[in-house]
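Working notes for the structure below.
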Amino acid sequence: MNVDAHLAISALKARYCRTLDTQDWTGFGDCFTEDVHFDLSVEGGVTHGRDAVVALVSQAMIGAKSAHHVHSPEISVDGDAAEAIWAMQDRVIWPAERAKLVGHGSFTGYGHYREQYVRRNNQWRIARLVLSRLIVERFPA
Amino acid sequence: MTDQAFLEAYVAISAEMARYCLTLDSKDWNGFADRFTDDVDFDMSFSGGGKFNNRAEAMAMVESSLTGAITAHQVHTPDIELNGDAAEVIWAMQDRVVFAPDRAKTIGFAGLTGYGHYRQSWVRQGGRWRISKHMLTRLHVDMQPLA
């Protein structure tokens with residue numbers, strides 16, 4: 001087991017969740033490679049490139065509150081490349097205008113992040129992220 | 001290269017935080033208190049609670065506010081920065097609290113599910129890691145209406 005890479009990738013994913021939920025968009029962008037493949041096709045389509053991802057997510061989260069948690073990663077490392085599957089849970093509360101648009105006030109979701117990482121200049125970043133869902137519970141505003 | 005000192009601290013602090021959740025949720029108040037230094041800076045002011053500069057007062061507050069309640073605390077994905085016998089740690093956290101019936105009536109809610117971050121300082125004294133600063137910030141709290 002590659003303990004260094006395991007810990008570094010876990011810290012990267014902790015930072016992904018924290019910067020997303022505290023809306024630190026510079027920090028969030030730094031979690032990804034410039035050419036990241038970001039696939040929320042279950043709910044938001046496929047996006048290519050760090051700038052486009054930050055634009056998409058920061059726009060979607062205006063006025064929203066969120067809490068993303070990730071657990072029990074299955075990580076495999078091959079040199080400067082790695083893959084992981086994370087169990088995830090998220091709670092998202094939409095602002096009033098968006099709640100009207102999407103037809104619910106908030107949701108609690110469960111699923112998996114399937115990710116690939118690359119290490120460049122001793123820094124691991126997410127090169128590919130695919131979200132799949134097990135359950136999404138939607139609640140009225 | 002991650003050094004051995006970091007790995008040992010990472011595992012030890014993670015185990016201490018597991019005991020934090022276990023002792024808190026099982027109301028083992030002596031065990032819970034033992035997670036903290038005597039002069040812990042215990043700050044729940046960002047999450048609707050008090051701020052204390054010693055362990056005895058902080059523990060009295062926690063114990064009295066959870067009398068008769070059922071709690072389940074989870075912590076995930078620690079971000080740990082180690083500096084010798086000190087460490088700065090941020091945990092993603094989630095808690096579920098079912099209030100005691102009397103308290104639920106007073107507050108007007110049956111319970112809550114909360115999300116946030118524990119922001120902590122740890123110190124190693126006599127080979128044991130303890131929490132010297134403990135702050136909870138909230139992302140969101142879902143209040144559960146009375147049935």
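Nothing here was measured: the structure is a model prediction, and the numbers come from that model.
More than 12 heavy atoms of other residues, nucleotides or ligands shown are found within 6.0 angstrom of CG on Asn83(B).
For the options Lys65(A), Lys13(A), His69(A), heavy-atom pairs under 4.5 Å to chain B are most numerous at His69(A).
At a 4.5 Å heavy-atom cutoff, Ile80(B) makes no contact with chain A through either its backbone or its side chain. Heavy-atom distances place the side chain of Arg91(A), and not its backbone, under 4.5 Å from chain B. Looking at Ser106(A), there are no atoms closer than 4.5 Å to chain B (heavy atoms on both sides), in backbone or side chain.
Only one option out of Glu16(B), Arg128(B), Arg19(B) pairs with Asp34(B) in a side chain to side chain contact (heavy atoms under 4.5 Å, CB included); it is Arg128(B).
For Glu115(A) (side chain) and Ile85(A) (main-chain N/O), no donor-acceptor pair under 3.5 Å exists by modelled atom type.
Cation-pi check for Lys51(B) over Phe42(B) is not met; the charged atom does not lie both under 6.0 angstrom from the ring centroid and within 45 degrees of its normal.
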